[in-house]
Number of protein chains: 2
Amino acid sequence: MGATAEHDVEQLRARLNDYMAKHGLRSTEQRRLVTEMFFATSEHLSIEDLLDRVRIEEPKIGYATVYRTLKLLKECGLAFERHFGDGVSRYEVAWQDEHHDHLICIECEKIIEFEDDAIEELQHNVASGLGFKLVRHKLELYGVCADCQAKAQD
Amino acid sequence: MGATAEHDVEQLRARLNDYMAKHGLRSTEQRRLVTEMFFATSEHLSIEDLLDRVRIEEPKIGYATVYRTLKLLKECGLAFERHFGDGVSRYEVAWQDEHHDHLICIECEKIIEFEDDAIEELQHNVASGLGFKLVRHKLELYGVCADCQAKAQD
DNA sequence: TTAGGTGCAAACGTTTTGCAACTTG
DNA sequence: CAAGTTGCAAAACGTTTGCACCTAA
């Protein structure tokens, strides 16, 4: 709801250009369109979702280009790939200053993002207790949201 | 390492028979073989893994039967489906008295299971703080295990 | 000019399904 | 016997790839 933090898209562009320059990759019309479209969303988009949006502006863009572009964004750490049970990969912008986990309603499929430092700290404890150096984690909570609990009361 | 808890396979059989009776499903030779084979493992098996094992005893069993049987086990809550990044679904016995999360080494792919009550409690807090009734969760920690850290020092 | 990118369609690997033959209750 | 189950092969699904043509640098 409301004011999403003012994320720094400019910084994402810079990081992408940097990566592309370093790897001899080119900035094409399609790549720009797909990445800008992606950076402009705050949701968890499937390839198909993104393709649909991109095609509003440029109907000739193909599946493969979107796949390849998101693969690129994944590689340079600007997108995260998520899997929520159905067979589809969803992608999310990797804002550098932000980490969050997901709370998913099993009735209406609503997805809420959250962060909890206490949980993160415990995760580090668990990992180091087992000899691991923790690099990243994935936490998904599944439950019934307030709305759906209310509905179920009928 | 060593002594896995004495899990109650008998109870799984009972729950399965119960579910099958309630739904007018039948106990066939193949179904029994696949489920027994599955209940007897403690690993995260792919369909292919399980099929290979089952075919040692009964070479004529087909992919579809194993898929269908695991779908059944999922439905009645006796198996969990897991996705660890590669495109393959893996299955794990849902021992009723046990819940654990996963710690995965990103170098050698080793998977360690763990439980942490403190984390679980915080998860409940987070969920209810956002109005959710928590039903289940998935927590995966990715890092580098002690062995691989040692190897990296060379 | 040339390495890299695109769009298409075909290939891929996993999972699901339609169907005729076969079991189970 | 009726309804559920099997094995097969074909279909479906999301994703990746080969290739001829195009385009940024």
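Keep in mind that the numbers below use all heavy atoms, side chains included, and drop hydrogens, waters and symmetry copies. Chain naming here is simple, since letters A, B, ... match the order of the sequence lines and numbering starts at 1 in each. Nothing here was measured: the structure is a model prediction, and the numbers come from that model.
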Could you check how far [atom1] of [X] sits from [atom2] of [N], rounded to whole Å?
X       : N      : atom1 : atom2 : answer
A:Leu33 : C:dG7  : CG    : C1'   : 15 Å
B:Lys60 : C:dT23 : NZ    : C1'   : 14 Å
B:Leu70 : C:dT16 : CG    : P     : 10 Å
A:Ile61 : C:dC8  : CD1   : P     : 10 Å
A:Tyr63 : C:dA11 : OH    : C1'   : 16 Å
A:Glu75 : C:dG4  : CD    : P     : 14 Å

A:Thr65, nearest nucleotide to its side chain (from D:dG7, C:dG7, D:dG14)
C:dG7

Regarding the side chain of A:Tyr67, the nearest nucleotide among C:dT6, D:dT16, D:dG7 is D:dT16

Which value, rounded to the nearest 0.5 Å, describes the distance between A:Leu12 atom CG and A:Phe39 atom CZ?
4.5 Å

Quick one, give me the B/S/- string for nucleotides 18-25 of chain D, reading 5' to 3', where B means a protein heavy atom under 4.0 Å from the base and S means that only happens at the primed atoms, P, OP1 or OP2.
B----BBS

Please verify the inter-ring angle class for A:Tyr67 with A:Tyr63; under 30° counts as parallel, over 60° as perpendicular, anything in between as tilted.
parallel

Which is more 5' along DNA chain C, the nucleotide nearest B:Lys71 or the one nearest B:Gly87? Just name the residue.
B:Gly87

Quick one, [X] and [Y] - any side-chain contact, counting heavy atoms below 4.5 Å?
X        : Y       : result
B:Ile111 : B:Glu43 : no
B:Arg13  : B:Thr35 : no
B:Glu81  : B:Glu92 : no

Test your reading of the model: is there a side-chain donor-acceptor pair from [X] to the backbone of [Y], 3.5 Å cut-off?
X        : Y        : value
A:Gln149 : A:Val144 : yes
B:Ser128 : B:Gly131 : no
B:Arg55  : B:Ile61  : yes
B:Arg15  : B:Leu78  : no

Which ones in residues 44-58 of chain B lie close to DNA chain C, meaning a heavy atom under 4.0 Å from one of its atoms?
none

Any B:Gln30 side-chain N or O less than 4.0 Å from OP1/OP2 of C:dT23
no

